[in-house]
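Right, one structure below, let's go through it.
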Amino acid sequence: MSVELVGLAVLMLAVTYPARAIPLLAPHFERLPPPVLAYLRLVGPAVLGAIAAVEVLVQPSADGVALAVGWEAAAVLACAAIGARRG
């Protein structure tokens with residue numbers, strides 16, 4: 001495990017924790033407008049999906065990074081299409 005990953009974990013905590021803690025810390029959370037509640041409900045899955053897509057689609061190469069094409073990439077794109085279609 002590299003020390004860089006610890007910084008990344010702290011950054012992810014700082015970015016995602018407030019959205020998850022709002023229901024616990026904010027009084028009258030249920031009175032927020034429905035679009036805000038929908039946004040907060042979908043933050044976690046969106047972040048996890050983005051992390052998974054980057055891990056599958058971006059591979060290190062001699063020039064830096066390269067886009068990976070294979071069965072895994074096709075699966076990610078199919079899942080993204082299904083998610084977009086279902087809304």
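If you take CD1 on I82 and CZ on R86, they are separated by 8.5 Å, rounding to the nearest 0.5 Å. Going from atom CG of L37 over to atom CG of L42 covers 11.0 Å, rounded to the nearest 0.5 Å.
Residues L8 and V43 are members of one and the same hydrophobic cluster, defined by side-chain heavy-atom contacts under 4.5 angstrom among Ile, Leu, Val, Met, Phe, Trp and Tyr. Taken together through direct or relayed side-chain contacts under 4.5 Å among Ile, Leu, Val, Met, Phe, Trp and Tyr, L13 and I51 form parts of separate hydrophobic clusters. No continuous path of hydrophobic side-chain contacts links V58 to W71 [ILVMFWY only; heavy atoms under 4.5 Å].
L11 shares a hydrophobic cluster with V15; the chain of contacts runs through ILVMFWY side chains whose heavy atoms sit under 4.5 Å apart.
Between V76 and C79, the closest side-chain pair of non-hydrogen atoms is not below 4.5 Å.
Across A73 and L57, no two heavy atoms sit closer than the pair CB-CD2, 3.2 Å.
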